[in-house]
Amino acid sequence: MASSKKPLSNKVSATTPKKTKPLSLLDVVEKSFVSLSTSHKKMKSMTVALSGGIDSMVLLHLLHQLQKTQNFTLKASHVHHGLSKNADKWVKFCENLCTKLSVPLDVHYIKLPQKKSLGIEGEARRLRYEKLLQAKTDLVVLAHHEDDQAETFLLQLIRGAGAKGLSSMAHFDGSRRLWRPLLNASRIDIESFAKKHKLKWIEDESNQNIDFDRNFIRSKVLPILKNRFNHIIKVISRSSSHLAEAQYLLDDLAKIDLKNYVKSNNYKHKLQVKTLDKLSNSRAKNVLRYWLEINDQLMPSKDLLDELLRQVLTAKKDATIKIQLSKYFEIRRYKDEIYIVKKNHKAQKNYEIIWQGESEILLPNGTQLNFKKVKGRGIDLHFLNDQKLKIRNRQGGEFFKPDSKRPTKKIKQLLQESDLPPWERESLPLIFIGEELAFVPNFGIDQKYQVEPQLTGLEVKLTQSK
């Protein structure tokens with residue numbers, strides 16, 4: 001018997017979504033730029049890191065095209081490492097291209113130190129970033145892409161990195177003004193763009209040298225992984241993003257744990273020991289990592305971090321703690337606080353500097369004196385009409401009277417009664433007018449040389465050098 005029901009239609013009642021066309025590389029960069037300008041601030045200038053390789057060449061052309069729709073100034077920066085016999089040719093290549101595009105180019109010549117504590121790759125990278133970050137620009141733009149992210153992840157994994165290292169490279173690093181608009185683009189996307197637009201680029205012969213870890217991973221490890229796991233690059237990129245989110249949470253936790261226990265001073269930040277003492281071992285180490293990072297320090301090994309925490313928490317208040325962080329910095333404890341101190345390799349020698357009206361003077365120990373004329377504060381300027389202002393280090397036996405209601409005291413006694421750390425006392429500069437002590441940084445001006453409220457004085461401040 002035939003059914004009275006009508007046969008079901010083959011048509012689907014709901015509208016089938018159309019497949020969206022993949023964004024072009026230019027669209028990707030423009031979308032990222034607009035988002036960045038909206039969420040942070042209007043980006044009016046940028047400097048692209050230009051090596052001359054295919055990645056940076058594609059990025060330069062993309063940014064040059066982006067200028068047609070977005071308002072910003074663009075320049076390029078090339079770092080000459082001197083490691084290749086072709087390095088001079090690469091400079092010429094970049095200069096010719098930038099001239100053709102009317103993009104200003106800065107060329108930086110660097111020399112790697114003989115003792116490469118970070119290895120050739122690490123030292124070259126450190127010095128390259130050092131030069132790039134000196135650029136007076138809103139953004140430093142880097143051509144890192146998805147495959148670079150995967151290589152970085154594997155490198156960090158081999159080195160035993162934690163969440164911070166494995167989160168690899170950030171799309172935008174606000175503290176250093178670094179922008180990586182191609183981080184979600186693949187190497188294939190970049191090569192396709194270069195071929196389509198008939199771009200020329202240079203090939204660095206060192207990229208074939210598998211003695212370098214990154215090259216070994218790129219040419220030997222990743223091809224095997226790609227052959228077995230088709231989407232390994234995107235999977236690694238996703239894992240990096242997850243770890244970056246985890247690191248954000250760890251940083252937020254460190255901020256909560258620190259509360260008001262970090263004090264800004266000449267050391268950028270000093271940390272109170274009681275902050276660490278109240279926390280579990282894991283949270284205390286998390287705070288230490290965060291504290292080191294905001295002080296621009298390289299992350300120490302697990303063993304060094306464990307030892308640092310142990311010494312800081314178990315040492316007596318009057319114990320001398322000096323732990324080497326790197327070639328240039330060490331951690332010291334004084335009373336209930338720990339400091340990151342720049343190492344002074346040279347023995348303190350007696351010096352005398354005559355002030356010639358400069359706004360700043362760099363002292364032998366690396367600190368800096370800043371001079372500024374201010375109404376109602378500082379040293380009375382009329383004393384300098386017929387006498388010179390001299391800067392000397394402590395030599396012993398100096399006296400000082402900053403308060404008329406208190407007796408004159410020896411500098412040595414003042415320092416002993418103060419909270420100034422011992423290593424700072426050793427190199428404290430003293431300022432004389434003629435042969436009389438007029439000013440001691442952190443302690444004040446001798447009553448004789450203090451300016452009247454209605455007059456203009458010379459304010460002097462001691463800071464860390466820039």
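Because the structure is predicted, anything quoted here is derived from the model rather than measured.
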Exercise for review: Could you tell me whether R218 and D147 make a salt bridge, using a distance below 4.0 angstrom between a side-chain N and a carboxylate O?
Suggested key: no
Scanning both residues in full, the closest heavy-atom pair of I321 with Q311 reads CD1-O, 3.3 Å
Side chain to side chain contact (heavy atoms under 4.5 Å, CB included) with H61: of L66, L25, L97, only one passes, and it is L97
d(I431 CD1, L458 CG) to nearest 0.5 Å is 8.0 Å
Does a donor on one side chain and an acceptor on the other come within less than 3.5 Å for H145 and D55?
yes
| K461 versus L369: any side-chain heavy-atom pair under 4.5 Å? | no
Exercise. Above 12 or not: heavy atoms from other molecules or residues under 6.0 Å from CD1 of I188?
Worked result: no
Just by distance, do the side chain of S56 and the backbone of L50 share a donor-acceptor pair under 3.5 Å? no
Does the side chain of L271 reach to within under 4.5 Å of the side chain of L258, using non-hydrogen atoms? yes
Please evaluate residues T367 and T463 with respect to the criterion side-chain contact (heavy atoms from CB on, under 4.5 Å), reporting the C-alpha separation (whole Å), side-chain torsions for both, the decisive distance (0.1 Å), and the verdict.
CA-CA 6 Å; T367 57; T463 63; over 6 Å; no
**Asked** Is the shortest side-chain N to carboxylate O distance from D277 to K274 below 4.0 Å?
**Response** no
task = In plain terms, say whether D27 and K31 are close enough for a salt bridge, that is, a side-chain N and a carboxylate O under 4.0 Å apart.
result = no
*asked:* Side chains of S186 and D189: any donor to acceptor distance under 3.5 Å?
replied: yes
Give the ring-plane orientation class for W179 versus F33, where under 30° counts as parallel, over 60° as perpendicular and anything between as tilted. tilted
- Could you please spell out the steps behind the salt bridge (charged side-chain N to carboxylate O under 4.0 Å, His left out) verdict for K164 and E293? CA-CA 10 Å; K164 179 72 176 177; E293 184 183 354; 2.7 Å; yes
Closest non-hydrogen contact found for L74 with P104 is O-CD, 3.4 Å
Q | Check: R128/H108 side-chain N/O donor and acceptor closer than 3.5 Å | A | no
Query raised in the report: Side-chain contact, heavy-atom cut-off 4.5 Å: V103 with V48?
Result: no
Of all heavy-atom pairs linking K270 and W291, the shortest is C-NE1, 4.1 Å
Candidate pair T152 and R214, rule side-chain contact (heavy atoms from CB on, under 4.5 Å), full reasoning = CA-CA 8 Å; T152 302; R214 183 177 289 276; 3.1 Å; yes
Taking atom types as modelled, find out whether N370 and Q368 have a side-chain donor-acceptor pair closer than 3.5 angstrom.
yes
Check: Does L60 offer a backbone N or O that forms a donor-acceptor pair with the side chain of H64 under 3.5 Å?
Finding: no
Any chance the side chains of S168 and Q156 put a donor and an acceptor closer than 3.5 Å? no
### Task
Taking N209 for its side chain and D211 for its backbone only, find out whether a donor-acceptor pair lies under 3.5 Å.
yes
Interatomic distance, CD@Q149 vs OG@S237, rounded to 0.5 Å, equals 5.5 Å
Aromatic ring centroids of W201 and F93 under 6.0 Å? no
Counting only heavy atoms not in K372, do more than 12 fall under 6.0 Å of its NZ? no
Here the pair of heavy atoms bringing P421 nearest to Y334 is CA-CD2, 3.8 Å
Separation between CG (N86) and NZ (K89), nearest 0.5 Å, reads 5.0 Å
I'd like to know if the side chain of H80 pairs up with that of D88 as donor and acceptor (distance under 3.5 Å, no hydrogens or angles considered). yes
Could you check whether S51 and D204, counting side-chain N and O atoms only, form a donor-acceptor pair closer than 3.5 Å? no
When rounded to the nearest 0.5 Å, the distance separating CD1 of I391 from CH2 of W355 is 9.0 Å
key: Between Q134 and E130: side-chain donor-acceptor atoms closer than 3.5 Å   = no
Would you mind reporting whether P181 and L59 have side-chain heavy atoms less than 4.5 Å apart? yes
Between S167 and L243 the two heavy atoms that sit nearest each other are CB-C, 3.8 Å
| With side chains defined as the heavy atoms from C-beta onward, is the minimum distance between P441 and P429 less than 4.5 Å? | yes
inquiry  = Looking only at side-chain N and O atoms, does T99 offer a donor or acceptor that is under 3.5 Å from a partner on N96?
reply    = no
Nearest heavy-atom contact between L309 and K285 is CD2-CG, 3.7 Å
Quiz item: Is a donor on one side and an acceptor on the other found under 3.5 Å between the side chain of Q208 and the backbone of S206?
Solution: no
| task | Using modelled atom types only, decide if a donor and an acceptor are shared between the side chain of Q67 and the backbone of Q65 within a distance under 3.5 Å. | result | no
Would you say the side chain of R333 lies within less than 4.5 Å of the side chain of Y339, judging by non-hydrogen atoms? no
Next item on the list: Taking only Lys NZ, Arg NE, NH1 and NH2, and the carboxylate oxygens of Asp or Glu, determine whether K100 and E95 approach each other closer than 4.0 Å.
Entry: no
Rounded to the nearest 0.5 Å, the SG atom of C94 sits from the NZ atom of K92 at a distance of 12.0 Å
TODO: With side-chain contact (heavy atoms from CB on, under 4.5 Å) as the test, would you mind laying out the steps for K220 and I210 before giving the verdict?
DONE: CA-CA 8 Å; K220 298 295 182 182; I210 61 172; 4.0 Å; yes
**Prompt:** Within a radius of less than 6.0 Å around CG of N230, do more than 12 heavy atoms belonging to other residues, nucleotides or ligands occur?
**Reply:** yes
Check: Salt bridge or not for D138 and K44, using N-O below 4.0 Å?
Finding: no
When rounded to the nearest 0.5 Å, the distance separating CD1 of I236 from CD of E151 is 9.5 Å
Does any N or O in the side chain of R177 come within less than 3.5 Å of the main-chain N or O of L133, such that one atom is a donor and the other an acceptor?
yes
Within the 4.5 Å heavy-atom criterion, are V79 and L127 side-chain neighbours or not? no
Do F371 and I361 touch side chain to side chain, with heavy atoms closer than 4.5 Å? yes
Between the side chains of E146 and R187, is the shortest nitrogen-to-carboxylate-oxygen separation below 4.0 Å, so that they form an ion pair? no
query = Any luck finding a side-chain donor-acceptor pair between R180 and H144 under 3.5 Å?
reply = yes
Side-chain (N286) to main-chain (D251) donor-acceptor, under 3.5 angstrom
no
Determine, stepwise, if the pair L182 / L142 fulfils side-chain contact (heavy atoms from CB on, under 4.5 Å). CA-CA 8 Å; L182 300 177; L142 304 171; over 6 Å; no
Margin query: Check E330 with R332, please: is the shortest side-chain N to carboxylate O separation under 4.0 Å?
Written below: yes
Exactly one of S35, S241, S32 clears side chain to side chain donor-acceptor pair (under 3.5 Å) with H171, and that residue is S32
Check: What do the steps show when you test D106 against K75 for salt bridge (charged side-chain N to carboxylate O under 4.0 Å, His left out), and what is the final call?
Finding: CA-CA 8 Å; D106 293 329; K75 69 176 182 177; 3.3 Å; yes
